[in-house]
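What follows is one structure encoded as structure tokens, with my remarks underneath.
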Amino acid sequence: MDDPLIERARDALAEAYVPYSEYRVGAALKTADGTVFTGCNIENANYSNSLHAEEVAIGAAVSAGHREFDRLAVSSGVRDGVTPCGMCRQTLAEFCADDLTIVCDLGDSEVATYTLGELLPETISASTLADADARGETEPPHDAEESS
Ligand code: THU
Ligand code: ZN
């Protein structure tokens with residue numbers, strides 16, 4: 001039997017708006033309380049405004065008040081095991097710990113399973129900024145002040 005969260009990602013990609021790439025992506029994000037939010041990619045004629053399925057799903061979840069997540073499933077129309085891109089990995093890292101499970105659809109009931117930490121080792125996070133602030137590193141560097 002297929003992973004139920006993968007099924008939700010597959011359902012979501014049916015609504016993808018992809019007139020430019022014709023590459024459909026669906027994502028399903030399960031919150032800590034078991035609620036599932038889905039998203040699909042939504043392209044734009046200027047290309048750069050295109051929304052990724054994962055960011056649509058996390059945007060829906062966060063805007064509904066959720067902040068803790070358990071599992072993400074991603075599927076493309078061709079079931080090629082597509083993984084979240086670098087930008088989406090960083091967006092996930094804002095809310096999810098390294099141990100978030102990400103399952104990617106390979107078709108035939110096969111999935112590739114990763115953790116967010118595997119896909120995005122070493123990232124900037126709120127703690128990076130807090131640590132820098134605690135060390136006084138958010139002030140201009142001493143030599144920058146001298147040269148101005
Ligand atoms: N895409 C996603 O929806 N998620 C990703 O993380 C990878 C890329 C979409 C964006 C674009 O609509 C299409 O896939 C081709 O890049
Ligand atoms: Zn992305």
Side-chain angles (χ1 to χ4, degrees), residues 1-135 137-141:
M1 198 191 97
D2 284 325
D3 184 318
L5 206 59
I6 287 281
E7 295 287 358
R8 296 291 303 269
R10 286 182 185 170
D11 290 346
L13 71 81
E15 300 301 338
Y17 174 76
V18 289
Y20 307 106
S21 74
E22 297 182 357
Y23 185 78
R24 294 174 177 274
V25 184
L29 182 63
K30 190 164 82 172
T31 68
D33 73 8
T35 313
V36 175
F37 289 84
T38 61
C40 60
N41 52 338
I42 304 169
E43 296 185 344
N44 188 279
N46 78 358
Y47 284 36
S48 60
N49 280 25
S50 297
L51 301 175
H52 292 191
E54 301 90 326
E55 66 177 325
V56 172
I58 198 166
V62 171
S63 62
H66 295 271
R67 298 288 186 272
E68 288 180 37
F69 303 103
D70 189 46
R71 189 174 169 86
L72 173 73
V74 186
S75 181
S76 84
V78 290
R79 298 184 182 172
D80 53 1
V82 67
T83 61
C85 76
M87 181 184 77
C88 289
R89 294 175 194 189
Q90 180 67 35
T91 300
L92 289 162
E94 182 67 24
F95 296 100
C96 307
D98 280 354
D99 64 356
L100 176 81
T101 299
I102 299 175
V103 288
C104 301
D105 189 4
L106 288 165
D108 296 329
S109 304
E110 299 289 325
V111 294
T113 303
Y114 308 93
T115 64
L116 180 59
E118 286 173 334
L119 295 182
L120 188 68
E122 303 301 330
T123 184
I124 190 164
S125 66
S127 65
T128 314
L129 304 185
D131 290 351
D133 192 37
R135 290 196 211 105
E137 290 170 0
T138 51
E139 296 300 316

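Whatever order the structure lists ligands and atoms in, that order sets their numbers, starting from 1.
T91 and E54 share no donor-acceptor pair across their side chains, judged by distance under 3.5 Å alone. Under 3.5 Å, the side chains of T123 and S125 contain no donor-acceptor pair of N or O atoms.
Polar contact with ligand 1: absent for V25 (N/O pair, distance under 3.5 Å). Considering backbone and side-chain atoms alike, A53 places an N or O below 3.5 Å from some N or O of ligand 1. Considering both main-chain and side-chain atoms, E43 comes within under 3.5 Å of ligand 1 through a nitrogen or oxygen pair.
Nearest heavy-atom pair, R10 versus S75, reported as atom, atom and distance to 0.1 Å: CG-OG, 3.5 Å.
Among heteroatoms of the N, O or S kind in H52, ND1 lies nearest the Zn ion (ligand 2).
Tested against R71 for a side-chain hydrogen bond (donor to acceptor under 3.5 Å, both in side chains), the candidates T101, D3, T31, T113 yield a single pass: D3.
Heavy atoms from other residues, nucleotides or ligands lying under 6.0 Å from CD of E68 number 12 at most. Counting heavy-atom neighbours within 6.0 Å of E15 CD, excluding the residue itself, gives a total of 12 or less.
For ligand 1, the atoms sitting less than 4.0 Å from at least one non-hydrogen atom of P84 are 6 (O), numbered in the order shown with element in parentheses. Near S21, with a cut-off below 4.0 Å to any heavy atom, the atoms of ligand 1 are 13 (C), 15 (C). For ligand 1 and E54, the ligand atoms under 4.0 Å from any heavy atom of the residue are 2 (C), 3 (O), 4 (N), 5 (C), 6 (O). In the vicinity of C88, heavy-atom distances shorter than 4.0 Å reach the ligand 1 atoms 6 (O).
Taking the six-membered ring where tryptophan is involved, the planes of Y47 and Y20 are tilted, since the angle between them lies from 30° to 60°.
Among V18, T91, T83, N41, the residue whose heavy atom sits closest to atom 14 (O) of ligand 1 is N41.
From the protein, the heavy atom lying nearest to atom 6 (O) of ligand 1 is C85 N, 2.9 Å.
In this structure, atom 16 (O) of ligand 1 has no protein heavy-atom contact shorter than 4.0 Å.
Between Q90 atom CD and L119 atom CG the span is 13.0 Å, to the nearest 0.5 Å.
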